[in-house]
Protein chains: 2
Amino acid sequence: MNIYDIARLAGVSIATVSRVVNDSPKVSEKTKQKVRAVMEEQNYTPNVFARGLGLNSMRTVGIVCPDVSDAYMAESVAYLEKRFRGYGYDCILYCSGYKQESKVNAVQMVLKKKIDALVLVGSHYVGDGSEEEIGYLREAAREVPVFLINGYVRCPGVYCMLSENYQIMYDTVCALTEAGRKRILFLYDSHSYSATQKLLGYEDALRDNGLPMVEELKIFTENKISTVRENLLQRGELNFDAVVATDDGLAVGALKYAMKKQMRIPEDVNIIGFNDSELAVCCEPELTSIDSRRDALCKTAVDSLMLLLEGKSVRHKRSVRCHLIKRGTTNF
Amino acid sequence: MNIYDIARLAGVSIATVSRVVNDSPKVSEKTKQKVRAVMEEQNYTPNVFARGLGLNSMRTVGIVCPDVSDAYMAESVAYLEKRFRGYGYDCILYCSGYKQESKVNAVQMVLKKKIDALVLVGSHYVGDGSEEEIGYLREAAREVPVFLINGYVRCPGVYCMLSENYQIMYDTVCALTEAGRKRILFLYDSHSYSATQKLLGYEDALRDNGLPMVEELKIFTENKISTVRENLLQRGELNFDAVVATDDGLAVGALKYAMKKQMRIPEDVNIIGFNDSELAVCCEPELTSIDSRRDALCKTAVDSLMLLLEGKSVRHKRSVRCHLIKRGTTNF
DNA sequence: ATGAAAGCGCTAACAC
DNA sequence: GTGTTAGCGCTTTCAT
């Protein structure tokens, strides 16, 4: 059942059918009715490929993230998909993994699908920010508007929105030191732009508060509760009186370690997570965590891209403050 | 840059270029080299829409689930996407929500994209199993092979794989009663096929062990830790000595309630969750949970659909046993 | 307001 | 082994 069949059955030309499908104003109501009736009756759906060929668009946006099974990304994708769909855009999902090569490949692959826009979730896509590592973004932006959720790169066609991770981490560590904490563990699981910002905030806060920067207190580990716990356990004597982490999973791992070591929480150790996930209200005591404003970033992504696709212009870069959500693992 | 340009630059016909693109064996190595060189040089990518038009396929599979922000679905989607991509298929993601109408709409929408196969994640898509509620699946299956992850419907073209939810719930509740538990709370958050199976397993186990079926011990609530906790708190006197839930989030909610009520865990109350998620190892004590074999289901989905797309046939229905993973919230 | 016809870029049947 | 050509089903310009 194609446009010719409908045209024949409705006694009009294919051009008219096409116009009806696209709700063109230059077709008489009467004709529209007639054609629509036939379409309904025949259960006609325009062929998207042919449509795509003609319009050079299938109203699709590409969503690329390292791994949807991660809670932050899953929530992001859920939000994005819903909003884009609300605008009539379908979403192609590509989970790229974390390696530079596979990220580049993912972006190239998804571009071949002639998507109308591309959104990259998480700050892994800017690599170390070097020209070499962001070259693929530059190229991508030549084809479609690209939005970086929680990443920043100065490049035409690449739009960005950041969480102020440096600032919140700086403020948080300052608060910890002001509350008398001296040995603050920093847990992280990636070298992404945002993780780096968090680390910088941590380091600067230590320095500005006259605390030494102890290398053994910066621990890189897989983001899995049991792994973090075991990892810490294996380190023997590891004294600390506070923990900040780049994700809740890491913080909970530390919490589990602290429990095992009979440390009192929050008296002996303050623990602070990141992303304010369901894990934070799941553990005991509940975890103080940082709201990274994921939805605010995602919202901006959708809003900006939709404006761009309508031919409007858009402000280039914005950022949003994060918030500390206090729960039982802190006492300041 | 299209196939004509490449043909001209390489000094061959478009047919030859097309053959090279599709790696046809009936092109001489020499010609292939020549054409490939031009393609590389021009950075040529075949137009997917035109390709789709000709082949009536864009090598895409539709993945529909109620909500990717749910951990079970997120993990499923992550697995599916990865595997399908491994076979050269892209994935269109559609989050349908939980309402019948929106589920039907989602399936219809995604079918319009001329996907090559459709996978439905979670047992919400069979509704109550009535002909009326599964009609849309029948129609879908007329267009493409459909795979139901953890749902079952007898219908040509719809392939299914089930977790044995009834059995594991029956066994688990039996174990609880044998351990002397009398008032077992059943927490659920949906009326999906699988939730219903779990409920049946619970009810049958109670009956077979001579325990009364108390309506007030079957509680339907939103799957959010804090909500479950508040919900239970509001019920005043609610005596129970065990909890089984259709998802970990619900079980943790009950755990939080029990802690608040100063109940000892597992002495006073045994708690068992479902899906063995990260929440289970996050809470304290850690949650005994049921491994619903999500990956086994997803694996079968991919394997079956890929066989079908290669024109091979496939066994119709299979199921897989679930496993109880014991942790600190039980003592039997 | 409607129709005829020329693309859009590719695949595949057919001819050589 | 390679080229010619007719679709695939739609959009859109140009007539009328």
Side-chain angles (χ1 to χ4, degrees), chain A residues 1-39 42-60 88 90 111-116 143-144 309 311, chain B residues 1-39 42-60 88 90 111-116 143-144 309 311:
Chain A
M1 191 57 47
N2 61 29
I3 201 172
Y4 292 93
D5 299 319
I6 302 300
R8 187 166 30 75
L9 291 169
V12 297
S13 73
I14 60 163
T16 298
V17 176
S18 176
R19 290 187 187 106
V20 172
V21 166
N22 296 290
D23 204 25
S24 158
K26 34 194 345 190
V27 179
S28 72
E29 254 333 293
K30 200 173 157 189
T31 312
K32 274 191 185 174
Q33 306 270 293
K34 188 172 57 181
V35 175
R36 287 218 179 94
V38 176
M39 296 197 306
Q42 302 296 321
N43 217 313
Y44 166 72
T45 308
N47 181 302
V48 284
F49 300 145
R51 205 135 195 266
L53 227 204
L55 299 172
N56 200 31
S57 158
M58 254 177 67
R59 284 186 87 83
T60 301
D90 281 317
L111 283 176
K112 288 187 186 164
K113 292 297 172 175
K114 296 238 170 222
I115 52 178
D116 296 293
E143 314 224 349
V144 294
L309 291 178
Chain B
M1 190 57 47
N2 63 27
I3 201 171
Y4 291 93
D5 299 319
I6 302 299
R8 186 165 32 74
L9 291 168
V12 297
S13 74
I14 62 163
T16 297
V17 176
S18 176
R19 290 189 186 104
V20 173
V21 166
N22 295 290
D23 203 25
S24 158
K26 32 189 353 185
V27 180
S28 73
E29 250 338 290
K30 200 172 156 190
T31 314
K32 274 190 185 174
Q33 306 270 292
K34 188 173 58 182
V35 175
R36 287 216 180 95
V38 176
M39 293 197 308
Q42 302 296 321
N43 217 313
Y44 167 72
T45 308
N47 181 302
V48 284
F49 299 145
R51 207 137 194 265
L53 227 204
L55 298 174
N56 201 31
S57 158
M58 254 177 69
R59 284 185 89 82
T60 301
D90 282 315
L111 283 177
K112 288 187 186 165
K113 292 296 172 175
K114 296 238 169 222
I115 51 178
D116 296 293
E143 313 222 350
V144 294
L309 292 178

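Chain A is the first sequence line, chain B the second, and so forth, proteins listed ahead of strands; every chain is numbered from 1.
A donor-acceptor pair is defined here as one N or O able to donate and one able to accept, closer than 3.5 Å; no such pair exists between the side chain of Arg19(B) and the backbone of Ser24(B). Within the 3.5 Å criterion, the main-chain N or O of Asp5(B) finds a donor-acceptor partner in the side chain of Asn2(B).
Axis angle between the ends of the helix from dA1(C)-dT16(D) to dC16(C)-dG1(D), five pairs each and rounded to 10 degrees, works out to 30°.
Atom NZ of residue Lys112(B) and atom CD of residue Glu143(B) lie 10.5 Å apart, to the nearest 0.5 angstrom. Taking CD1 of Ile115(B) as the start and OG1 of Thr60(B) as the end, the distance is 8.5 Å to the nearest 0.5 Å.
Using a 4.0 Å cut-off between charged nitrogen and carboxylate oxygen, Asp90(B) and Lys113(A) count as a salt-bridge pair.
Scanning both residues, Leu53(B) and Phe49(A), for their nearest heavy atoms gives N-CB, 3.6 Å. Scanning all heavy atoms of the two residues, the minimum distance from Met58(A) to Val48(A) falls at CG-O, 3.7 Å. Among all heavy-atom pairs drawn from Ser13(A) and Ala7(A), the shortest one is C-CB, 3.7 Å.
The only member of Thr16(A), Val17(A), Asn47(A), Val21(A) that meets side-chain contact (heavy atoms from CB on, under 4.5 Å) when paired with Ile3(A) is Val17(A).
Counting any heavy atom pair closer than 4.0 Å across all strands shown, Tyr4(A) reaches a base atom.
Near DNA chain D, meaning a heavy atom under 4.0 Å from it, residues 6-18 of chain A has Ile14(A), Ala15(A), Ser18(A) in order of number. In the region residues 20-28 of chain A, proximity to DNA chain D at under 4.0 angstrom, judged on heavy atoms, holds for Asn22(A).
Mapping Thr31(B) and Ala50(B) onto DNA chain D by nearest heavy atom places Thr31(B) at the nucleotide closer to the 5' end.
Side chains of Asn22(B) and Arg51(B): a donor on one and an acceptor on the other come within 3.5 Å.
Mapping heavy-atom proximity under 4.0 Å, the span of DNA chain D touched by chain B runs 5' to 3' from dG1(D) to dG9(D). Close approach of DNA chain C to chain A, defined as any atom under 4.0 Å from a non-hydrogen atom of the protein, starts and stops at dA1(C) to dG9(C).
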Evaluate Met1(B) against Asn43(B) for side-chain contact (heavy atoms from CB on, under 4.5 Å), listing each step before the verdict.
CA-CA 9 Å; Met1(B) 190 57 47; Asn43(B) 217 313; over 6 Å; no

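Every residue two or more places apart in sequence or in another chain that forms a side chain to side chain donor-acceptor pair (under 3.5 Å) with Asp23(B) is listed here: Lys32(B), Arg36(B).
Val12(A) places a side-chain heavy atom less than 4.5 Å from the side chain of Thr31(A). Put simply, the side chain of Met39(A) reaches to within 4.5 Å of the side chain of Val20(A), judged on heavy atoms.
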